[in-house]
Amino acid sequence: MDSALINIYDLEFEELKNEILKLGEPAFRAKQVWKWIYQGTTRFDDMTDLPKAFRERLKGVFYIGGAGIVNKFVSQKDGTRKYLLALYDGKVVECVLMKYHYGNSVCISTQVGCRMGCRFCASSQPGFDRNLSTGEMIAQVMAIRNDTEEKISHIVLMGIGEPFDNYDNVVRFLRRMNSQNTLNISYRKMTVSTCGLVPGIIKFSEEGFPVNLSVSLHAPNDEIRMKIMPIAKRYSIDNILSACNIYTQKTGRRVTFEYTLIKDVNDRNEHAEELARKLSGLLCHINLIPVNSVEETGYTKSERVESFRRIIEKYGIPVTVRRELGSDIAASCGQLRKRSVERDRMVD
């Protein structure tokens with residue numbers, strides 16, 4: 001890939017129009033190109049209503065997407081698909097397609113690796129390389145849509161990386177996917193997951209769109225949280241809950257608190273009682289996640305999921321247990337990790 005070329009997905013429509021004007025073409029050509037790329041076209045040669053000479057000039061300035069499928073795994077349990085997508089620099093990120101009765105949901109990555117260091121999560125194990133651009137996030141969605149030839153109805157930013165650590169590109173991505181001239185996905189069908197970056201939550205509450213906010217809490221108190229999530233040393237649970245309260249007031253949307261249940265770490269009855277008391281009165285929902293197997297962590301699943309859930313329910317707080325979609329292909333929560341093209345070619 002020529003590093004001088006521009007990923008066309010990185011451009012807003014006005015930016016694309018300006019680039020096309022520089023090529024000496026009329027502005028309406030931008031609408032034609034824009035329509036083609038969000039229909040899923042990946043080759044300029046396939047844009048048949050454009051003059052051939054213009055298509056050649058486009059190839060000298062742009063490329064489309066920059067996220068090729070290196071490998072694909074399909075769960076034999078539930079049909080979940082995990083994709084390994086290669087970026088322009090050879091880095092590989094993972095994203096997942098999950099099928100529900102209400103539509104197809106894609107879980108995408110926002111960074112190559114993650115600097116948050118959560119002890120139970122595979123994404124943090126190899127460390128952090130770089131942020132993904134807006135275009136590289138869009139490319140994940142489009143690659144899955146093109147592969148399945150099915151509509152994408154929901155987007156979840158819960159793959160590799162911390163979205164609020166790549167704030168500006170994430171917000172651009174959300175706005176683009178919501179646009180009527182791209183995929184026209186409702187903000188209410190998008191979810192952003194954060195491990196609790198308080199300034200990001202507060203800033204996000206001012207953006208003016210009702211995106212679902214999911215917060216990885218995973219502990220009822222700061223002492224336990226600091227043992228499994230280094231970010232807890234910077235932001236206390238009280239700080240996080242204050243920010244979440246601002247978010248609910250600004251957006252009218254409830255916050256989902258993700259709680260990974262780890263045997264003998266955070267799964268006792270008193271932990272459930274403490275968590276419920278702490279969240280009581282906040283517009284929220286608790287999503288319990290039996291910890292998924294990650295070789296490096298040594299953590300094991302709790303056998304107390306149902307008793308934990310019943311205690312939460314006693315306080316009148318909505319609570320669910322997450323389905324383990326894609327566990328047989330390491331596509332479940334906490335199992336995604338960065339890779340390299342070379343490594344996966346060797347494996348294949």
Side-chain angles (χ1 to χ4, degrees), residues 107 110 114-125 156-165 191-198 200-201 212-245 247 254-280 282 284-294 296-309 311-312 315 317-324 327 332-337:
C107 176
T110 56
C114 182
R115 63 174 118 232
M116 297 299 108
C118 299
R119 310 295 186 215
F120 51 85
C121 182
S123 299
S124 290
Q125 302 304 320
V156 180
L157 277 64
M158 202 179 287
I160 301 168
E162 161 57 56
F164 289 160
D165 196 31
T191 300
V192 174
S193 176
T194 176
C195 66
L197 271 61
V198 170
I201 295 172
N212 300 301
L213 180 66
S214 178
V215 177
S216 297
L217 202 59
H218 307 310
N221 57 58
D222 292 325
E223 181 181 3
I224 294 175
R225 199 165 191 263
M226 282 190 279
K227 292 178 181 177
I228 58 176
M229 300 180 71
I231 195 66
K233 297 176 183 177
R234 188 183 307 175
Y235 304 113
S236 70
I237 291 177
D238 286 346
N239 292 153
I240 294 170
L241 297 187
S242 293
C244 288
N245 194 45
Y247 190 81
R254 72 178 183 179
V255 173
T256 294
F257 291 104
E258 309 286 353
Y259 194 101
T260 295
L261 283 161
I262 307 171
K263 184 178 180 180
D264 298 329
V265 175
N266 63 357
D267 65 338
R268 295 201 299 270
N269 286 353
E270 57 263 38
H271 296 149
E273 295 276 357
E274 185 177 7
L275 177 67
R277 287 194 299 269
K278 193 153 285 187
L279 299 184
S280 182
L282 184 65
C284 70
H285 166 263
I286 298 175
N287 193 10
L288 300 178
I289 309 167
V291 71
N292 289 302
S293 174
V294 175
E296 299 93 330
T297 69
Y299 291 133
T300 55
K301 287 185 178 181
S302 170
E303 299 172 354
R304 301 181 52 79
V305 177
E306 282 306 308
S307 61
F308 203 97
R309 179 183 62 79
I311 292 171
I312 299 294
Y315 284 80
I317 300 174
V319 57
T320 52
V321 178
R322 177 174 292 176
R323 292 172 59 198
E324 297 179 18
S327 59
S332 295
C333 182
Q335 293 184 314
L336 302 188
R337 62 177 75 226

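What you see is a predicted model; the values in this text were computed from it and never measured.
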Closest approach of Val198 and Ala243, non-hydrogen atoms and distance?
CG1-CB, 3.9 Å
Atom pair CG/CZ of Asn266 and Phe120 - distance to nearest 0.5 Å:
8.5 Å
Nearest heavy-atom pair of Leu197 and Met116: which atoms, and what distance?
CD1-SD, 3.8 Å
Distance-only donor-acceptor check, side chains Ser193 and Glu258, under 3.5 Å:
no
Residues at least two apart in sequence or cross-chain that pass ring pair (Phe, Tyr, Trp, His ring centres under 6.0 Å) with Tyr259, listed by chain then number, are Phe308
Would Thr256 and Asn212 satisfy side chain to side chain contact (heavy atoms under 4.5 Å, CB included), going step by step from the backbone distance to the final call?
CA-CA 8 Å; Thr256 294; Asn212 300 301; over 6 Å; no
Nearest 0.5 Å, please: how far is CD1 in Ile311 from CD in Glu274?
12.0 Å
Can you tell me how far CD1 of Ile262 sits from NZ of Lys301, rounded to the nearest 0.5 angstrom?
12.5 Å
Could you go step by step and tell me if His285 and Val319 meet the side chain to side chain contact (heavy atoms under 4.5 Å, CB included) rule?
CA-CA 6 Å; His285 166 263; Val319 57; 5.7 Å; no
I'd like to know if the side chain of Ser242 pairs up with that of Asn239 as donor and acceptor (distance under 3.5 Å, no hydrogens or angles considered).
no
Heavy-atom pair with the smallest gap, counting every atom of Ser307 and Asn269:
OG-OD1, 4.2 Å
List the atom of Met158, the atom of Cys107, and the distance in Å for their closest heavy-atom pair.
C-SG, 3.5 Å
Check Cys244 against Ile201 and note the closest heavy-atom contact, atom names and distance.
N-CG2, 4.2 Å
Just by modelled atom types, is the Asp264 backbone N or O under 3.5 Å from a matching donor or acceptor in the Asp267 side chain?
yes
To the nearest 0.5 angstrom, please state how far the CZ atom of Arg309 sits from the CZ atom of Arg304.
13.5 Å
Please name the pair of heavy atoms, one in Gly196 and one in Tyr235, separated by the smallest distance, quoted to 0.1 Å.
O-CD1, 3.4 Å
Assess whether atom CZ of Arg277 is packed by more than 12 heavy atoms of other residues, nucleotides or ligands within 6.0 Å.
yes
What pairs with Phe164 under ring pair (Phe, Tyr, Trp, His ring centres under 6.0 Å), at least two apart in sequence or on another chain?
Tyr167, Phe204
Test side chain to side chain contact (heavy atoms under 4.5 Å, CB included) applied to Arg115 and Asp165, step by step
CA-CA 9 Å; Arg115 63 174 118 232; Asp165 196 31; 2.5 Å; yes
Distance col, row Leu288:CG vs His218:NE2, nearest 0.5 angstrom, shows 11.0 Å
For residues 222-233, run the donor-acceptor check on the side chains, cut-off 3.5 Å, and write out each pair with its distance to 0.1 Å, sequence neighbours left out.
unit_1: Asp222; atom_1: OD1; unit_2: Ile237; atom_2: N; d: 2.8
unit_1: Arg225; atom_1: NE; unit_2: Leu217; atom_2: O; d: 2.9
unit_1: Arg225; atom_1: NH2; unit_2: Cys195; atom_2: O; d: 2.6
unit_1: Arg225; atom_1: NH2; unit_2: Ser216; atom_2: O; d: 2.8

Determine, stepwise, if the pair Ile160 / Thr110 fulfils side chain to side chain contact (heavy atoms under 4.5 Å, CB included).
CA-CA 6 Å; Ile160 301 168; Thr110 56; over 6 Å; no
